[in-house]
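One structure below.
Just follow the structure's listing: the first ligand is 1, and inside any ligand the first atom is 1. Since the structure is predicted, the reported quantities are computational estimates derived from the model, not experimental observations.
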Amino acid sequence: MYDYLIVGAGLFGSVFAHEATKKGKKCLVIDKRDHVGGNVYCENVDGINVHKYGAHIFHTNDKDIWDYVNQFAEFNNYVNSPVSISKGKLYNLPFNMNTFYQLWGTKTPEEAKTIIESQIKEFGYKNPKNLEEQALSLIGKDVYETLIKEYTEKQWGKKATELPAFIIKRLPVRYTFNNNYFNDAYQGIPIGGYNKIIDGLLKGIDIKTNVDFFKEKDTLSSLAKKIVFTGKIDEFYNYEYGNLEYRSLRFENTKLETENYQGNAVVNYNDSNVPYTRIIEHKHFEFGKQKHTVITKEFSEQWTTEKEAYYPINNDENQKKYQEYKALSLQESDVIFGGRLAEYKYYDMHQIIASALQKTKKEFNESV
Ligand code: UDP
């Protein structure tokens, strides 16, 4: 008999399994895919780690979380500095002095601030209620129209006025010439890839891949005293209150016999007439010197129950529905829910790890 059946071998499940095992518990980790690692999984294509389920750049401000991941892999000094192409012109991201120079020719913070503040005054809102209002209130009309509106609507398949404001607050606005996409103190890509971290976390733990929990729910559940569920919470409850909305992605990978395709790991395409949101050139995450390269075009797609759910769409309607599912989950004494899909939350990797560590602590204070 296992102490925990862990459904989903992504970051949440793997951290939970690792911590529980350290406490002397017996865990079985299952995953419906043919590999562990969830969406951080990388596939090695001729020496290049391809981020198979979308680019993952580790960043955190929390020294404990940074030390935690560094137990399993060393990190390189990659700093994410995407560029965006809008109407044939190239702009630096996040929104900073380089971007403002490219937009308006402004050379000092004072000049840029004057423009942005006057645009915020004219077009901004006191209490922004959606992503469009939030963006206009944060950065003004020009940046919104050049670098946000079309990308966002393509990414989410919804009007920016129908999306929650918090999404755009992920991006920094800076009056320095600093293209670092994140404000966090620690950032990098694990040397040897994310698989190294997952393998480290799951070392010595029983794993079964190609196992669909929902196909053998009763048999699998009977193997353990408790379940840690990291899949979609609405699916767990058989879509009882209807399905939550997600956004799906499709990736088109191409190996090219060229050394350097786009000169950067991430290039965003703002325009609505370009069907993909971004092109990732994976070798640049690890400063690769290969003669070839692998690029991935990322297409944002309407989600259906057969497709992978990547992003929760946390608008009011879905949040209300999620609260109903959450209320059900709180009645469970033997199921722990965690991760992006089970908590219906737009978590980054460092937040997932923090949440898994917190949940294990809670679990063991109670039961040990
Ligand atoms: N975003 C944008 N333009 C860009 C990049 C991002 O408007 O060039 C907005 C968009 O709404 C996106 C959000 O910022 O959903 C968060 O972007 P981030 O790069 O953090 O998203 P992720 O990498 O998680 O897809």
| field | Contact partition for Asp348 relative to ligand 1, non-hydrogen atoms under 4.0 Å | value | neither
| query | How far apart are the closest heavy atoms of Lys307 and Gln302, and which atoms are they? | reply | NZ-O, 3.1 Å
| query | Is it the side chain, the backbone, both or neither of Asn270 that has a heavy atom closer than 4.0 Å to ligand 1? | reply | neither
| message | Side chain or backbone, does Leu171 bring an N or O within less than 3.5 Å of an N or O on ligand 1? | response | no
| Heavy-atom nearest neighbour in the protein, as seen from atom 20 (O) of ligand 1, with distance rounded to 0.1 Å | Arg170 NE, 2.9 Å
| Flag for Tyr41-Asp31: side-chain donor and acceptor within less than 3.5 Å | no
| task | Would you check if there is a donor-acceptor pair between the side chains of Glu286 and Asn76 at a distance under 3.5 Å? | result | no
| Polar side-chain atom of Asn314 near backbone of Tyr344 as donor-acceptor pair, under 3.5 Å | yes
| Which heavy atom of the protein is the closest neighbour of atom 23 (O) of ligand 1, given with residue, atom name and distance? | Arg278 NH1, 3.1 Å
| note | atom 11 (O) of ligand 1 sits nearest the protein heavy atom Thr152 OG1, 2.7 Å
| Atoms in ligand 1 flagged as close to Leu93, the criterion being non-hydrogen separation under 4.0 Å | 8 (O)
| field | Where Ile336 and Glu363 come nearest, the two heavy atoms and their spacing | value | CD1-OE1, 3.4 Å
| said: For a quick test of reading the model, state the closest non-hydrogen atom pair linking Arg340 to Ile352 and the distance between them. | reply: N-CD1, 3.6 Å
| Would you say the side chain of Arg174 lies within less than 4.5 Å of the side chain of Asn180, judging by non-hydrogen atoms? | yes
| field | Numbered atoms and elements of ligand 1 in range of Asn268, under 4.0 angstrom, heavy atoms | value | 4 (C), 5 (C), 8 (O)
| query | Between Leu163 and ligand 1, which part of the residue brings a heavy atom under 4.0 Å of the ligand: side chain, backbone, both or neither? | reply | neither
| query | Minimum heavy-atom separation for Leu5 to Ala224, with atom names? | reply | N-CB, 3.3 Å
| message | Contact between Thr230 and Phe213 at the side-chain level, heavy atoms closer than 4.5 Å - yes or no? | response | no
| message | Using a 4.0 Å cut-off to any heavy atom of Ile168, which atoms of ligand 1 qualify? | response | 9 (C), 14 (O)
| request: Write down the atom of Pro172, the atom of Asn183, and the distance for their closest heavy-atom approach. | output: CB-ND2, 3.6 Å
| said: Within the structure provided, determine whether Gln187 and Asp184 are in side-chain contact (heavy-atom separation under 4.5 Å). | reply: no
| task | Please identify which atoms of ligand 1 are closer than 4.0 Å to at least one heavy atom of Tyr346. | result | 16 (C), 21 (O), 22 (P), 24 (O), 25 (O)
| Proximal atoms of ligand 1 relative to Gln155 (non-hydrogen, under 4.0 Å) | 15 (O)
| task | Identify, by atom number and element, the atoms of ligand 1 in contact range of Leu147, meaning under 4.0 Å from any of its heavy atoms. | result | 2 (C), 3 (N), 4 (C), 7 (O), 8 (O)
| request: Of the side chain and backbone of His56, name the one, both, or neither that has a heavy atom under 4.0 Å from an atom of ligand 1. | output: neither
| Enumerated ligand 1 atoms positioned under 4.0 Å from heavy atoms of Tyr311 | 22 (P), 24 (O), 25 (O)
| Strictly under 4.0 Å, does any heavy atom of Lys149 approach an atom of ligand 1? | no
| task | Measure from atom 13 (C) of ligand 1 to every heavy atom in Leu131, Ile85, Ile167 and give the option owning the shortest one. | result | Ile167
| Counting heavy atoms only, which of Trp156, Tyr151, Tyr181 comes nearest to atom 17 (O) of ligand 1? | Tyr181
| query | What atoms of ligand 1 come closer than 4.0 angstrom to any heavy atom of Ile148? | reply | 7 (O)
| field | Side-chain H-bond candidate by donor/acceptor type, Gln119 with Asp142, under 3.5 Å | value | yes
